[in-house]
Every structure is written in C-alpha cells, then in structure tokens.
Amino acid sequence: MNPEKYSRKQVSTYFGELVFDLEKIRDLIPKEVFSKLQNAIENKKPLDPEVAPFIAQAMKEWALSMGATHFAHWFQPYTGSTAEKHQAFITKLSTKTIENFTAHELVQGEPDASSFPSGGRRTTFEARGYTIWDPSSPAFLLEGKYNNTLAIPSVFLSFNGLPLDCKTPLLKSEQVITGKVEELLEFFNIREKVDVFVGAEQEFFLLDRKKLEQRYDLLVTGRTLIGADSPCEHLTGAHYFGSINKKVLDFMQELEIELYRLGIPIKTRHNEVAPNQFEMAPYYESANLAVDHNHLLMDMTRKIAAENGLVAVFYEKPFKGVNGNGKHLNWSVATKNGKNLLKPGKSEEYDMIFVLLLISFLEGINKYGHLLMSVVTSDGNELRLGIDEAPPAIISVFLGKQLSDFLDSLIYDSKSLKTSKGKVIHENIHLPPIDMDTSDRNRTSPIAFTGNKFEFRSPGGSQSLSPPLIFLNTIVAYGLEKILIDLKKKTKKLDLKEAVWSIVKKYAKRTRRIRFEGNAYSENWKTMAIERKLKDLGKPHYGYKFLVEKECVELMEGMKVYSHEELAAQSEIFHETYYRKILTQAKLLIDMVNTGVYPALVKQFNIEKEINSGIMSKERYDNVFRLVENLILGIEKLKREVEKVDSLNSSYEKSEFVSEILRPEMEALRQISDEVECIVDAKLWPFPRYRDLFLTHNL
C-alpha cells in the first residue's frame, strides 16, 4: 500500500475498498439470488445452496480485478489469533491455464487440523479439518508486495463436526441472545429483528524495533521478565491524552488508512496512561463483524508497526509497575433499524423494555458472572487485574446513582424511570451549555453501564474477544429466559405494565449483591465481596475449573452454545496454554539471567574487588558478593522447579503448579536481577532498560 495515494482524501471515498460487501455483491448477481443471501444473513438462517455458485463467480471476478491471485479461508482457531491457508486461483487444463473459483471452494476448505489446539478432542495423526464460509462476515483482501489474497471469513470444524474455533460458538451465542430479545419485544407487539453490537477499545504499546531485538523476553513472550523500575514515572499523567509524537501519529494515520480500506470504522486514537502506550477504538458494529475486525486491527497494527521500525505489544502486562493493556468490550443490543434497546427515554414502552433488559443482564451476571471472569483470566491478565489499573477479578456491576437508586426504589413500590439530564452552565465565560450525563464513570468496576451500553473492562489486550463475548451473550440470554418465563406467567393474571414492574421488583432484590457503586480497588470492597459470596478469580487455573462444572455445562448445553465435550476441551486448552506460556517464560528467564545478568554482575564484582581499597565501602563490596550468591541460588532453584512440571499428570496440576510455585520463584529471581541492574555499570548491562524503552521521542 502506498499511503501517499490516500493523503488528504476523504475517508468515505475509499472506505471498504478492499471488502467484498453486500453493496458490491448486489451489483454482480441477480436480484433474486441477492435477496436469498440477504435473507439468510439477516434472519440467521442456512444459506440456499443455489446461491453459492453466483457468489463464487462474483467474488472471483472482483478479487481478480483487485489483483488477487490466491484465496484463503480465514478462521479463528483456539490460539487466540487467526489462521489461513492460501490457494491459487489457477487451474491447469489440458491446453491452457485459467483462473477458477468454484462454489465448493468458496463454501468449504480443508486445512490440516492436526497442530491446532483441540483440548484432547483429536490426536495429532487425525489431521482432517473443515473450514466453512461465514456469509455474515464479508470477504476482504490481504495485500502483498506483488499480489493480493482473497480472505474468506470461516468457521473451523473437526472431521467429526466438533468446532475447533471461536467463531462457531460465537455465532450460536448471537443466535440465542437475539432470539430471546426478539421474543421479549413480541410482548410489546414489536416484531423487529435485533442484533448484538460491540465496540472494542484496543490498547497497545509501541516500542523501537532495534531496542526490542535486544530484549528477546519481550519479543518471545510479550513481557519483560526482568527490569528495574523506570525513573519515567507514568502516574504523573503527562502522557495520557497528550500530544501524539510525530512518528507515532504518522504510524497511526498509515494504520487508519489500511483499516478504513478494510472497512474497519476506527473512531478514536490517543495516548494512553503508560509511556509509549496508545489506544484505538472503532465505531460500533454487529458482534461477529466486530470480532473479525478486532483480529484484523491487531494483525494490521503489527504489520504497519514493523514497516515503520516499531513493534506493537498487546500483552496484558509487558512491564512491571507500569499500566498494562486492556481491551474494553462495549456491549449493547439494537434493532435492525437502529434503535438501541439499552438507551432509555424513548417512550414508556421502550423504557419497560430497557428495564427488563437491564435486570436480565444483572440476573445473568448474578448467577454466572464468575464464568465470565473465567474466560478472561490468562497468564497476562493475572498480572493486570486488580492492580489499581484494571478492575479486580471479582465481578460486580456499576449502574450509576440514577439507575441504582431507581432499582432500590422499586423495592419500595416506585414505578417510574426518570431519565432527565442536568445542565452544566458556564458563567462569565463564553462557553456553550452542555448536557450532563446521569452518572459518572466508575473505572474500577469490571462492568459499568455507561448510558446506552455495558462496558466490560476485564478482557486483556492480547486476547480474542470471542470467549468473553460468547459467555456474555449466553449469560444475558439466561437472564432473559428467566424474565420471559415470569412474563408469560404474570401476564395471564396482570396487564403487561403491572407484570413488568412486579418482575423488575423481584429481580431488583435478588441482584443487589452484584451491584456496587464504590471503589472496587478498595480493601473494603474485597471484604464486602466475601460477605456477598462473590468469587475472586485472580488465579486462572482456579477459574478454568468452573467451565466443566455442572452449572456451566447445564447453561451452555441448555442454550445449545457448547456441549459438555466442547467445554471440557475449552478448559483443557486454557489450562495447557496457561502453563506452557509460563513455562516458556521461566526457561527464558533462566537463560537471560545465566547468559546476561550473571556475567554482567561478575564483571561488576571484579571491578569492585579492584577498587575496594578504602575508596569503596566494605558494605558495597559485601552487597555485590551477596548478589552473586543469591543469583546462583535463585537460578538453580528455578531450574529445579521447572524440571518438576513434566512429572505432573494433568494440565490442571501443571497450571496450578506454575501459578502457585513457579511464578513466585520467577518473581524472586527477578527481584534479585532487578537489584543487580541497579548497581551494575550501564555499559556492562546487556539489555535495554525500562528508561531506554520508554523514551517516546526515540521511537
């Protein structure tokens, strides 16, 4: 891509030019065929097989005209990222070579499935897997230096039909939640299709590539395994929302052009709290598309960063003592004609719908909130959640004073929802009056209602949005199911309005324990949470267990989102991913200390010995000697613990061991290393320090 080509151009003139969207399809296929495609997408129904040949032909013509020579089914295995297998359009005939793309090639692919995580559902020699086209997410082009590749969003299944991806259960969860909401609307004689809408705020660090090539802990694991605190204190707030560095702004503008061409509606860009940390966020989109676009955003951020001599780091906690990366999931439900059902104040009818959705959300979180936390804990998020920069691993919901007071008042028989806004008027200066929101924002809460949506702040920066979104959709669908059952019973005896307020009053009482309006970072809240019997899922191995327990299995099988077998596989994958990542970090830490830190300390020790003739104090000499001994002991101790992991039987035992034993030993060795860093001559230290990495003007 040549960014100069798009310089000063209106975004609307090239937005989506690399996407084979419905507008392009409409112009290339018969009207009746397009109508079948559109109907299948909007109603979430199986696609008529007669449609595929027309789409394949149109897709090929468009792709070839855009310089594509290959196509690939683009899918989301349980690796947290995407995968693709490229195939050429060319077909060799007896007399000539032509470009060809059949309906079968569009609909179905067969990548080797042997090396993808399956949670024990298949062995390595069972290689067959199938990718199946997802018509609801448009195909797009991946640009290369010499030609382009047509990427076709797809699901991924094993030979026996079991899902091996994140998209399949996501689509099922969407179908469940939208079906329940549409059923709720029918009580009010509203027959409209609805969709789940998501906006994902993405945080990341930008670091100089040359410096990172000397920090292979960052390059390999995404985090610094050693590193003393930087004198560049990030809590001063100088970086947050500050003027964007020119090189970073150039990078962001180039990235935005690429994202706009891929149809990703980036809305905001800004400096984040930590040095060298930034955020970009798109406009709201339907959930399935938003997940695809978030994966693309991360891929393109890495690509454009590399082209600019930078590295984009999404890991949840790259630097000790510095704010980490989150991925805030903003969630709402709206009708196809654009009515946000989580925005009160439209009418009494829609206010009742809003309140029923609100208590359905609360009831779902009240019953299954711990499951939501189970799928966002990870090796990186374990280091981030609850560290006064991200919400705690104890689930709670912040509604704001107006809504919270309203629900509390219902218990005492009030039946009106007031949504009036106050005015802020500036006196004596020439500023316009502004509307004031009904509540402040609580950044310490895992889930906060922010006026027309819920913001789930716990997902980590490197994680796929699919697992938390799958569970959130399903949990809210459970809450809706409970409310719908009550509505059917109540409306047999009461009119609709009386039935609604009776139900809301009931659930306002039972969900009070999950609501919290205060500082969720405080010790008081931890005490209150214990009293309310809320679970603290700060340890991932603890949270993963809940995925295979009875209540989770009953929920997911009842909603037809996951089977018991699929949940067991998901839990196994989480455990295995967790312990393998920490094991890799431990081995790399040993290597860095052995080959970098220890030699530097020995050189420093020799220098101290030479000059310790009254000029340097004995305390200084003794301190260096102590560090040499402690470093040797720390390395050997960590080595012994690493060797124990393979002797453990289950992935749960391994993840528990690395969490409870290996991580503390890694931290102990790190503390010694960081102490060494503070006394070793800067010329002897083998790795770029935090202070070197955090000089934004050096990017």
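In this text, all values refer to a predicted model and were calculated from it rather than measured experimentally. Throughout, residue positions are numbered sequentially from 1 according to the sequence presented.
- Here the side chain of Q175 pairs a donor or acceptor atom with the backbone of K44 at under 3.5 angstrom.
- Atom CD of E363 is separated from atom OG of S360 by 8.5 Å, given to the nearest 0.5 angstrom.
- N39 and D48 share no side-chain donor-acceptor pair at under 3.5 Å.
- By the side-chain hydrogen bond (donor to acceptor under 3.5 Å, both in side chains) test, E551 is found to be paired with H370, residues two or more places apart in sequence or in another chain being considered.
- Residue P459 comes nearest to N381 through the heavy atom pair C-ND2, 3.8 Å, listed as atom of the first residue, atom of the second, then distance.
- The aromatic rings of H86 and H70 lie tilted to each other, with the angle between the two planes from 30° to 60°.
- Side chain of N308 to backbone of I304: a donor-acceptor contact under 3.5 angstrom is found.
- No side-chain donor-acceptor contact under 3.5 Å links H293 to the backbone of L259.
- In this structure, R26 does not pair ionically with E23, as no charged nitrogen and carboxylate oxygen lie closer than 4.0 Å.
- A donor-acceptor contact closer than 3.5 angstrom links the side chains of Q570 and Y562.
- Between K36 and L47 the shortest heavy-atom distance is O-CD1, 4.3 Å.
- Side chain to side chain, K9 and Y14 fail the donor-acceptor criterion of an N or O pair below 3.5 Å.
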Taking it one step at a time, do E316 and Q463 satisfy side-chain contact (heavy atoms from CB on, under 4.5 Å)? CA-CA 9 Å; E316 286 71 28; Q463 296 176 324; 3.7 Å; yes
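- At least one donor-acceptor pair closer than 3.5 Å links the side chain of E203 to the backbone N or O of G326.
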Full working for side chain to side chain donor-acceptor pair (under 3.5 Å) between E254 and Y6: CA-CA 9 Å; E254 184 177 345; Y6 300 89; over 6 Å; no
Output a table of donor-acceptor pairs, distance under 3.5 Å, between side-chain atoms of residues 471-485 and any protein atom two or more places apart or on a different chain; print 'none' if there are none.
{"residue": "N473", "atom": "OD1", "partner": "W331", "partner atom": "NE1", "Å": "2.9"}
{"residue": "N473", "atom": "ND2", "partner": "S173", "partner atom": "OG", "Å": "3.1"}
{"residue": "N473", "atom": "ND2", "partner": "L469", "partner atom": "O", "Å": "3.4"}
{"residue": "T474", "atom": "OG1", "partner": "I470", "partner atom": "O", "Å": "2.7"}
{"residue": "E481", "atom": "OE2", "partner": "K180", "partner atom": "NZ", "Å": "3.1"}

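- Using modelled atom types, one finds no donor on one side chain facing an acceptor on the other under 3.5 Å when comparing N100 with E105.
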Applying side chain to side chain donor-acceptor pair (under 3.5 Å), run through S137 and D292 and close with a yes or a no. CA-CA 8 Å; S137 188; D292 285 356; 2.5 Å; yes
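- Between the side chain of N148 and the backbone N or O of M66, at least one donor-acceptor pair lies under 3.5 Å.
- Using a 4.5 Å heavy-atom threshold, the side chains of K343 and K453 count as separate.
- In this structure, L262 CG and L141 CG are separated by 8.5 Å, a value rounded to the nearest 0.5 Å.
- When atom types are taken as modelled, the side chain of S571 and the backbone of Y544 share a donor-acceptor pair closer than 3.5 angstrom.
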Hey, mind stepping through N288 and S136 against side chain to side chain donor-acceptor pair (under 3.5 Å) and telling me if it holds? CA-CA 8 Å; N288 181 36; S136 66; 3.0 Å; yes
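- With no hydrogens or angles considered, a side-chain donor-acceptor pair links N337 and T335 at under 3.5 Å.
- Here the closest non-hydrogen pair linking T491 and L487 is OG1-O, 2.6 Å.
- Taking 4.5 Å as the limit, some side-chain heavy atom of F251 sits within range of a side-chain heavy atom of L206.
- Ion pairing of K193 with E182 is present here, as a side-chain N (NZ or NE/NH1/NH2) and a carboxylate O approach within less than 4.0 Å.
- Atom CD1 in I55 sits 5.0 Å away from atom CD1 in I25 (nearest 0.5 Å).
- Take T168 and apply the side-chain hydrogen bond (donor to acceptor under 3.5 Å, both in side chains) test, not counting sequence neighbours, and it matches D165.
- Contact between G16 and K24 at its shortest, heavy atoms only, is O-NZ, 2.9 Å.
- For the pair V198 and N330, the minimum side-chain heavy-atom distance is 4.5 Å or more.
- For the residue pair H295 / S81, no side-chain donor-acceptor distance below 3.5 Å is found, with atom types taken as modelled.
- Using a cutoff of 4.0 Å between basic side-chain nitrogens and carboxylate oxygens, E348 and K497 are scored as salt-bridged.
- Side-chain contact between P169 and E566 is absent, with no heavy atoms from C-beta onward closer than 4.5 Å.
- Residues D351 and G345 come closest through the heavy atom pair OD1-N, 2.6 Å.
- Q57 is linked by a side-chain hydrogen bond (donor to acceptor under 3.5 Å, both in side chains) to E61, counting only residues two or more places apart in sequence or in another chain.
- When every heavy atom of E174 is checked against every heavy atom of A287, the shortest pair comes out as OE2-CB, 2.9 Å.
- Sorted by first and then second residue, the ring-ring contact (aromatic ring centres under 6.0 Å, His included) pairs with a member in residues 15-57 read F20-W62; sequence neighbours excluded.
- Other residues, nucleotides and ligands contribute over 12 non-hydrogen atoms within 6.0 Å of the NZ atom of K336.
- For the residue pair Q202 / K327, a side-chain donor-acceptor distance below 3.5 Å is found, with atom types taken as modelled.
- Interatomic distance, L255 CG to R302 CZ, rounded to the nearest 0.5 Å: 12.0 Å.
- Here the straight-line distance linking atom CD1 of I359 with atom CZ of F361 works out to 13.5 Å at 0.5 Å rounding.
- Note: L164 CG to Q76 CD = 13.5 Å, rounded to the nearest 0.5 Å.
- Judged by distance alone, the side chain of S154 and the main-chain N or O of I152 form a donor-acceptor pair under 3.5 Å.
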Evaluate side-chain contact (heavy atoms from CB on, under 4.5 Å) for K488 paired with F187, printing each intermediate quantity in order. CA-CA 9 Å; K488 288 173 185 176; F187 274 93; 3.6 Å; yes
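- For N340 (side chain) and L342 (main-chain N/O), a donor-acceptor pair under 3.5 Å exists by modelled atom type.
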When you look at V397 and F449, which way does the side-chain contact (heavy atoms from CB on, under 4.5 Å) test go after all the steps? CA-CA 8 Å; V397 181; F449 184 74; 5.8 Å; no
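- Within 6.0 Å of CZ in F188 there are more than 12 heavy atoms belonging to other residues, nucleotides or ligands.
- Among residue pairs with one or both ends in residues 89-109, those qualifying as ring-ring contact (aromatic ring centres under 6.0 Å, His included) are F71-F89, F71-F101, F89-F101; sequence neighbours excluded.
- Comment: E256 engages R269 in a salt bridge, judged by a side-chain N to carboxylate O separation of less than 4.0 angstrom.
- Side-chain atoms of N325 come within 3.5 Å of backbone N or O of Y315 as a donor-acceptor pair.
- Aromatic ring orientation, F140 versus W74: perpendicular (interplanar angle above 60°, classes split at 30° and 60°).
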Passes side-chain contact (heavy atoms from CB on, under 4.5 Å), E201 versus E455? Steps please. CA-CA 10 Å; E201 303 169 39; E455 180 183 18; 3.2 Å; yes
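- Without hydrogens or angle criteria, Y260 side chain to I266 main chain gives a donor-acceptor distance under 3.5 Å.
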